[in-house]
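See below for the structure under consideration.
For the numbers below, each heavy atom of this structure counts, side chains included, while hydrogens, waters and symmetry mates do not.
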Protein chains: 2
Amino acid sequence: MIIWQIGKIVVLKNNFFEKAKELVKQTGDRATYHRIRTLCLLLEEHHPLTHREIEERLNVKEQLDRVTLYRVLEWMTKKNLIHKIAGDDRVWRFRVNTDLHSHHHAHFICTRCTKVTCLDEFKLKPNPSLPIGYLLHDIELTVKGFCAECT
Amino acid sequence: MIIWQIGKIVVLKNNFFEKAKELVKQTGDRATYHRIRTLCLLLEEHHPLTHREIEERLNVKEQLDRVTLYRVLEWMTKKNLIHKIAGDDRVWRFRVNTDLHSHHHAHFICTRCTKVTCLDEFKLKPNPSLPIGYLLHDIELTVKGFCAECT
DNA sequence: AATCAAGTGCAACTTGGTTGCATTTGATTA
DNA sequence: TAATCAAATGCAACCAAGTTGCACTTGATT
């Protein structure tokens, strides 16, 4: 069993932790504990999480400042490690970008329970025609409705 | 020249004002002055506006409470007179639904100046395949990048 | 081990949007 | 056309997501 220690904090590494550490290091920026831990959580999750949800899960055992988490998420978005999704409740949801799961797919947002699901089989047209002078960075397709549990 | 008077306020009617009044009355709910005036403004505009922008334009000559405007916009969205668009800045933008301009089209959001443009020629597939038990209400396609002025 | 910019924690702040409640107003009916 | 009353409005206070400034800590480099 591998253990990682930082100050008084002792952490059990798992596969996701190692993977997260590697991904953070690959960016060239500093591989800090909070960055690795946050990315690790997002690697484990299978649906997009809000800042609040991430904070609650990470704070079960150890402290993590709200602001730091905002900055970590912002940094990870900029570094293309994760992507964020806008919902009807004005709250961002975050999900990891793996090689298999890039952000070129659609999202389903349940307007009753606000849960977000990725519709991976939805493929987006890569080169839509835009007005002259417009430059494309990203396409986001969001489907709204009720999920299976809320129907 | 047609004039409409309510309390001390005197209003010059134009084509859009008449049109707005008609649309509000068609809903069956009460045709209040603020509803008509707000819809009138959105009919005149050719690109989506934020709550802030609407407020500023309406308050040039006459007072309109922030909260009332929020409620008017919410009501109009519910009544399908307008639709709202989520941007990267967490701010809703509102645009009128006319017969010619329904909300079944894509939006372009400039990530530098935050201006939103409607991409009317983008047609959305009406019946995408969803997981079993999922119910579709609405599809939203957002294209992000730089607009002609910001490129 | 020493160094120091990058990263973090804390407090205070900004902003978009909401809630509760007293007052006003548009449509209806007498 | 006046009386009526639920629907709509205005005001104040509130909430929650996200941001800023600054002192303190830490990961990588020497």
Side-chain angles (χ1 to χ4, degrees), chain A residues 4-9 11 20-39 48-56 58-59 62-79 81 84-94 114 116, chain B residues 4-9 11 20-39 48-56 58-59 62-79 81 84-94 114 116:
Chain A
W4 203 48
Q5 187 153 4
I6 175 168
K8 271 179 274 183
I9 300 163
V11 187
K21 192 173 171 184
E22 192 192 318
L23 288 168
V24 171
K25 277 186 179 294
Q26 274 174 13
T27 66
D29 282 9
R30 278 164 60 171
T32 69
Y33 179 60
H34 294 316
R35 284 176 179 174
I36 299 169
R37 197 158 67 113
T38 306
L39 184 55
L49 297 177
T50 63
H51 172 276
R52 224 349 136 71
E53 289 165 337
I54 298 169
E55 196 186 354
E56 278 165 5
L58 290 181
N59 276 338
E62 315 156 29
Q63 284 290 95
L64 169 56
D65 190 72
R66 261 165 35 82
V67 179
T68 302
L69 181 53
Y70 275 117
R71 293 197 263 230
V72 164
L73 292 170
E74 189 186 17
W75 175 83
M76 290 203 293
T77 306
K78 207 174 65 194
K79 292 290 170 181
L81 292 169
K84 58 180 182 178
I85 307 156
D88 264 11
D89 52 4
R90 301 193 334 128
V91 180
W92 292 114
R93 285 174 176 76
F94 298 89
T114 74
V116 176
Chain B
W4 202 48
Q5 188 153 4
I6 172 169
K8 271 178 274 186
I9 300 163
V11 188
K21 193 171 170 183
E22 191 192 323
L23 287 167
V24 171
K25 277 188 179 294
Q26 275 174 13
T27 66
D29 283 10
R30 279 166 56 173
T32 69
Y33 178 61
H34 293 315
R35 282 174 179 174
I36 297 168
R37 197 159 66 113
T38 306
L39 185 54
L49 296 177
T50 62
H51 173 276
R52 219 358 131 68
E53 290 165 338
I54 298 170
E55 198 185 353
E56 279 165 4
L58 290 182
N59 277 338
E62 314 156 31
Q63 283 291 96
L64 169 56
D65 190 72
R66 257 163 39 82
V67 179
T68 303
L69 181 54
Y70 275 117
R71 292 197 265 231
V72 164
L73 291 170
E74 188 186 18
W75 175 84
M76 291 203 294
T77 306
K78 209 174 65 194
K79 291 292 171 182
L81 292 169
K84 59 180 180 179
I85 306 156
D88 262 12
D89 52 3
R90 300 194 334 128
V91 180
W92 292 117
R93 285 174 175 75
F94 298 90
T114 73
V116 176

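Residue A/D65 has its side chain nearest to C/dC10 when only D/dT19, D/dC11, C/dC10 are considered. Looking at the side chain of B/R90, the nearest of the listed nucleotides D/dG10, C/dC10, D/dG18 is D/dG18. Closest to the side chain of B/R66, from the set D/dA17, C/dA27, C/dG17, is C/dG17. Of the candidates D/dG10, C/dT8, D/dT19, D/dG10 carries the atom nearest the B/H34 side chain, counting heavy atoms from C-beta on.
Following rounding to the nearest Å, A/D29 (CG) and C/dC4 (P) show an atom-to-atom distance of 21 Å. C/dT8 atom C1' lies 15 Å from atom CE of A/M76, rounded to whole Å. Protein atom CG of B/D88 is 11 Å distant from nucleotide atom P of D/dT19, rounded to whole Å. Atom CD of B/E53 and atom P of C/dG17 are 12 Å apart (whole Å). Nucleotide C/dG7 holds its C1' atom 15 Å from the CZ atom of A/R37, rounded to whole Å. Going from atom NZ of A/K21 over to atom P of D/dA28 covers 9 Å, rounded to whole Å. If you measure from atom CD of A/E74 to atom P of D/dT19, you get 6 Å, rounded to the nearest angstrom. The distance between atom CD1 of B/I54 and atom P of C/dG17, rounded to the nearest whole Å, is 10 Å.
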Task: CA sep, side-chain torsions, deciding dist, call: A/E55, A/L64, side-chain contact (heavy atoms from CB on, under 4.5 Å) - done: CA-CA 7 Å; A/E55 196 186 354; A/L64 169 56; 6.0 Å; no

TODO: Evaluate the side-chain contact (heavy atoms from CB on, under 4.5 Å) criterion for residues B/F94 and B/T77: first the C-alpha distance (whole Å), next the side-chain angles of each, then the deciding distance (0.1 Å), finally the verdict.
DONE: CA-CA 9 Å; B/F94 298 90; B/T77 306; 4.0 Å; yes

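B/W92 comes within 4.0 angstrom of the backbone, heavy atoms only, and of no base. Within the nucleic acid shown, B/V67 comes within 4.0 Å of at least one base atom, counting heavy atoms only. Counting any heavy atom pair closer than 4.0 Å across all strands shown, A/R35 reaches sugar-phosphate atoms only and no base atom.
Taking only side-chain nitrogens and oxygens, A/T32 comes nearer than 4.0 Å to OP1 or OP2 of C/dT8. OP1 and OP2 of C/dT15 both lie 4.0 Å or more from every side-chain N or O belonging to B/H51.
At a cut-off of 3.5 angstrom, the base of C/dG7 holds no donor-acceptor pair with the side chain of A/R71. With hydrogens and angles ignored, no donor-acceptor pair under 3.5 angstrom links the side chain of B/R52 to the base of C/dG17. A donor-acceptor contact under 3.5 Å links the side chain of A/R30 to the base of C/dA6.
Cation-pi geometry between A/R35 and A/W75 is met: the NZ or CZ atom falls under 6.0 Å from the ring centre, inside 45° of the normal.
Annotation: of the two residues near DNA chain C, B/K25 and B/V91, the 5′-most nearest-nucleotide partner is B/V91. Summary of the strand contacts: A/D89 and B/L69 both lie near DNA chain D, and taking for each the nucleotide with the nearest heavy atom, the more 5' one is attributed to B/L69.
Two rings, from A/H51 and A/Y70, have their centers less than 6.0 Å apart.
From A/L58, atom CG reaches atom NE2 of A/H34 across 9.5 Å, with rounding to the nearest 0.5 Å.
Panel note: side chain A/E56, backbone A/E53; no donor-acceptor pair is recorded below 3.5 Å.
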